[in-house]
Amino acid sequence: MPPTPGPRHYLQFSDLTREEYAYLFARTALIKAKFKRYEIHQPLVDRTLAMIFEKHSTRTRLSFEAGMHQLGGAAIYINTRDSQLGRGEPIEDAAQVFSRMVDLVMIRTYGQDIVERFAAHSRVPVINGLTNEFHPCQVLADVFTFIEHRGSIAGKIVAWVGDANNMLYTWLQAAAILDFKVHFAGPEGYGVDLDRADYPVSQAEQAQLRCFDDPSEACAGAHLVTTDVWTSMGYEAENAARLQAFQGYMVSRTMMQRADAQALFMHCLPAHRGEEVEAAVIDGPQSVVWDEAENRLHVQKALMEFLLLGKVAA
């Protein structure tokens, strides 16, 4: 008798195939359309999601909690400061216990190794809600938002201006799978590390990447321009140095004028107007940040449904 396959996890963007993403994007469009028509869609009745937070959150908690409720299930919020996880309980032990009591786990934490260790000892699917290394659910929402507004992202150019952070490395994974290019511009000392420990940039990802010293050049001809705060959670001690280093890397109207005439602007939020993005850009006609934020809800509903039920008929 063949062994029972383990659960599917979503820890990095590279965990799914191009065909599976095509399914997820189509499924997201259907689920979102039902949401807009106030049609009930509850395939996960009596299922429970545990949400474990070590990092603060607004959009991640709201989108997962609301999404699980809309799918007919329940979501339980757990902050590591208020649980045994914050008092030194081994990740492996916690995974054994959680996965005997709930159907799905989402973790938002610092190290990627934490979600991977948890998933290795879990009987149920585990989702990366954000780590220092990757943010797959956000890029999932961003790609869907682009498709929603402009069609296929294949063959397009995504310009990333700013820090080579968890978002940039996730964009590189997405580019290798979905066949688009990434233009990167960031100051010296904050660029792409091709040989970073444990998670080096693959040859396939490198093939999709082009680096620029001038952010305006990176934006030239881009179909999507995107950025993030200059100081992510966990790097607050570097804030003053980062503000100095990133001068000249604010996404401006001038940069957007170098992009394709139909280019979109995205930001994963929260945003600091006047730092990484000009107010006229994030609040301007090319910005789709509010659609992007809402789409976290819809792509994550499609993702949770897929991880628990597999592909379902429309």
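Quick caveat, the model's predicted, so the values are computed rather than measured.
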Is there a path of hydrophobic side-chain contacts, each under 4.5 Å between heavy atoms of I/L/V/M/F/W/Y residues, joining [Y] to [X]?
| X | Y | value |
| --- | --- | --- |
| Val102 | Leu44 | no |
| Leu62 | Phe53 | no |
| Met266 | Val225 | no |

How many angstroms lie between atom [atom1] of [X] and atom [atom2] of [Y], to the nearest 0.5 angstrom?
| X | Y | atom1 | atom2 | value |
| --- | --- | --- | --- | --- |
| His135 | Leu140 | NE2 | CG | 11.0 Å |
| Ile127 | Thr60 | CD1 | OG1 | 11.0 Å |
| Met167 | Thr226 | CE | OG1 | 5.5 Å |

Legend entry - Evaluation steps, side-chain contact (heavy atoms from CB on, under 4.5 Å), between Arg18 and Asp179: CA-CA 9 Å; Arg18 182 185 304 192; Asp179 193 26; 4.0 Å; yes

Inset, instruction - Look only at the side chain of Gln173 and the backbone of Phe13, and say whether a donor-acceptor pair between them is shorter than 3.5 Å. - result: yes

Inset, instruction - Is it possible for you to check whether Arg59 lies under 6.0 Å from the centre of the six-membered ring of Phe64, through NZ or CZ, and within 45° of that ring's axis? - result: no

Legend entry - Geometric cation-pi criterion, Arg61 with Tyr77: 6.0 Å, 45°: yes

Does a sphere of radius 6.0 Å around [atom1] in [X] hold more than 12 heavy atoms from other residues, nucleotides or ligands, not counting ones at 6.0 Å or beyond?
| X | atom1 | value |
| --- | --- | --- |
| Arg100 | CZ | no |
| Glu188 | CD | no |
| His149 | NE2 | yes |
| Asp213 | CG | no |
| Gln244 | CD | no |

Using a strict threshold of under 4.0 Å (side-chain N to carboxylate O), is an ion pair present between [Y] and [X]?
| X | Y | answer |
| --- | --- | --- |
| Arg273 | Asp283 | yes |
| Glu133 | Arg196 | no |
| Arg8 | Asp15 | no |
| Arg81 | Glu54 | no |
| Glu294 | Lys36 | yes |

Can you check whether [X] reaches [Y] side chain to side chain, under 4.5 Å on heavy atoms?
| X | Y | value |
| --- | --- | --- |
| Phe180 | Trp171 | yes |
| Leu172 | Leu209 | yes |
| Phe98 | Val126 | no |
| Met250 | Met255 | no |
| Phe146 | Leu264 | yes |
| Leu224 | Lys156 | no |

Legend entry - His298 ring center within less than 6.0 Å of Phe144 ring center: no

Legend entry - Phe306 ring center near Tyr10 ring center (under 6.0 Å): no

Inset, instruction - May I have the step-by-step check of side-chain contact (heavy atoms from CB on, under 4.5 Å) for Val289 and Ile282, ending in yes or no? - result: CA-CA 7 Å; Val289 297; Ile282 193 170; 4.0 Å; yes

Inset, instruction - Go through the steps for His183 and Phe212 under the test ring-ring contact (aromatic ring centres under 6.0 Å, His included), then give the verdict. - result: CA-CA 7 Å; His183 286 185; Phe212 296 79; 4.8 Å; yes

